[in-house]
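One structure below.
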Amino acid sequence: MAEFTRVTALRDIPSGQGRAFEVNGKKIAVFNVKGRYYAIDGTCKHKGGPLGEGDLEGTVVTCPWHGWTYDVTTGVSPDDPACAVACYEVRTDGEWLSVAV
């Protein structure tokens with residue numbers, strides 16, 4: 001079982017946006033969807049684009065490099081359900097956000 005690692009303050013990820021982090025040697029993208037936080041693998045399956053820098057529309061992030069999309073709640077691509085990135089459990093504690101990686 002993965003342990004939770006404190007990643008950032010909640011205020012650092014505004015609603016409707018995501019941020020990229022390195023957690024325990026892994027690139028992770030964390031998103032704020034109307035006050036709910038989600039963490040997925042931060043690397044796009046297509047050509048390794050930084051998902052934490054992508055545009056978030058609802059629960060779908062678009063990779064800034066080539067436009068591949070992923071649902072941040074499941075990690076699955078709406079365009080190709082066979083393509084998915086890993087999801088990670090998120091915990092909030094007061095003003096802090098932690099991710100289990």
Side-chain angles (χ1 to χ4, degrees):
M1 183 176 176
E3 292 188 30
F4 282 89
T5 300
R6 185 178 281 179
V7 175
T8 191
L10 296 176
R11 70 179 173 273
D12 292 338
I13 308 174
S15 185
Q17 294 186 27
R19 296 288 185 267
F21 300 96
E22 187 165 319
V23 182
N24 299 332
K26 291 187 177 209
K27 293 180 181 178
I28 304 296
V30 180
F31 299 91
N32 178 344
V33 179
K34 297 180 182 177
R36 294 198 61 175
Y37 295 86
Y38 301 92
I40 61 173
D41 189 326
T43 304
C44 180
K45 293 279 190 174
H46 179 228
K47 294 211 176 193
L51 295 178
E53 296 176 19
D55 289 328
L56 184 65
E57 195 168 317
T59 62
V60 176
V61 63
T62 301
C63 179
W65 285 7
H66 300 104
W68 281 41
T69 59
Y70 299 89
D71 187 315
V72 301
T73 66
T74 64
V76 175
S77 171
D79 300 318
D80 180 359
C83 182
V85 293
C87 289
Y88 301 97
E89 191 176 353
V90 173
R91 181 188 316 168
T92 58
D93 179 23
E95 63 186 70
W96 299 101
L97 182 137
S98 299
V99 177
V101 175

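Fair warning: this is a prediction, and the values are worked out from it, not measured in the lab.
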* To do: Name all residues meeting the side-chain hydrogen bond (donor to acceptor under 3.5 Å, both in side chains) criterion together with Thr59; count only those two or more places apart in sequence or in a different chain, and write none if there are none.
  => Asp71
* Mind checking what makes side-chain hydrogen bond (donor to acceptor under 3.5 Å, both in side chains) contact with Thr92, not counting sequence neighbours? -> none
* Distance, nearest 0.5 Å, that separates CZ of Phe31 from CZ of Arg36 -> 15.5 Å
* Check the pair Val30 / Tyr38 against side chain to side chain contact (heavy atoms under 4.5 Å, CB included), numbers first and verdict last. => CA-CA 6 Å; Val30 180; Tyr38 301 92; over 6 Å; no
* **By side-chain contact (heavy atoms from CB on, under 4.5 Å) - contacts of Pro81 (at least two apart)** => Val76
* Asked: Of Thr73, Val72, Ile40, which meets side-chain contact (heavy atoms from CB on, under 4.5 Å) against Cys87?
  -> Ile40
* Which distance, rounded to the nearest 0.5 Å, do you find between the CD1 of Ile13 and the CG of Leu56? -> 11.0 Å
* Do you know the tightest heavy-atom contact between Cys63 and Gly49? -> SG-CA, 3.7 Å
* To do: Taking side-chain contact (heavy atoms from CB on, under 4.5 Å) as the test, write out the residues that go with Val90, two or more places apart.
  => Tyr37, Ala39, Leu97, Val99
* Asked: Got a sec, which residues hit side-chain contact (heavy atoms from CB on, under 4.5 Å) with Arg6, two or more places apart in sequence or on another chain?
  -> Trp96, Ser98
* Any pair counted as side chain to side chain donor-acceptor pair (under 3.5 Å), so long as it reaches residues 19-29, sequence neighbours left out -> Thr5-Asn24, Gln17-Arg19
* Quick check: does any side chain N or O of Ser77 sit under 3.5 Å from a backbone N or O of Thr69, one acting as donor and the other as acceptor? -> yes
* Output all residues satisfying side-chain contact (heavy atoms from CB on, under 4.5 Å) with Asp55, sequence neighbours left out; order by chain, then residue number. => none
* For Glu95, salt bridge (charged side-chain N to carboxylate O under 4.0 Å, His left out) partners two or more places apart -> Arg11
* Structure fact -> Heavy-atom nearest pair, Leu51 first then Val61, reads O-CG2, 3.5 Å
* **Exam field: side chain Asp41 to backbone Val85, donor-acceptor pair closer than 3.5 Å** => no
* To do: Determine whether Ile28 and Val7 fall in the same hydrophobic cluster, where Ile, Leu, Val, Met, Phe, Trp and Tyr are linked whenever their side-chain heavy atoms lie under 4.5 Å apart.
  => yes
* Which residue pairs satisfy the ring-ring contact (aromatic ring centres under 6.0 Å, His included) criterion with at least one member in residues 45-74, sequence neighbours excluded? -> His46-His66, His46-Trp68
* If you look at every heavy atom in Asn32 and Gly35, which pair is closest and at what distance? -> OD1-N, 2.7 Å
* **All side-chain hydrogen bond (donor to acceptor under 3.5 Å, both in side chains) counterparts of Thr43, not counting sequence neighbours** => none
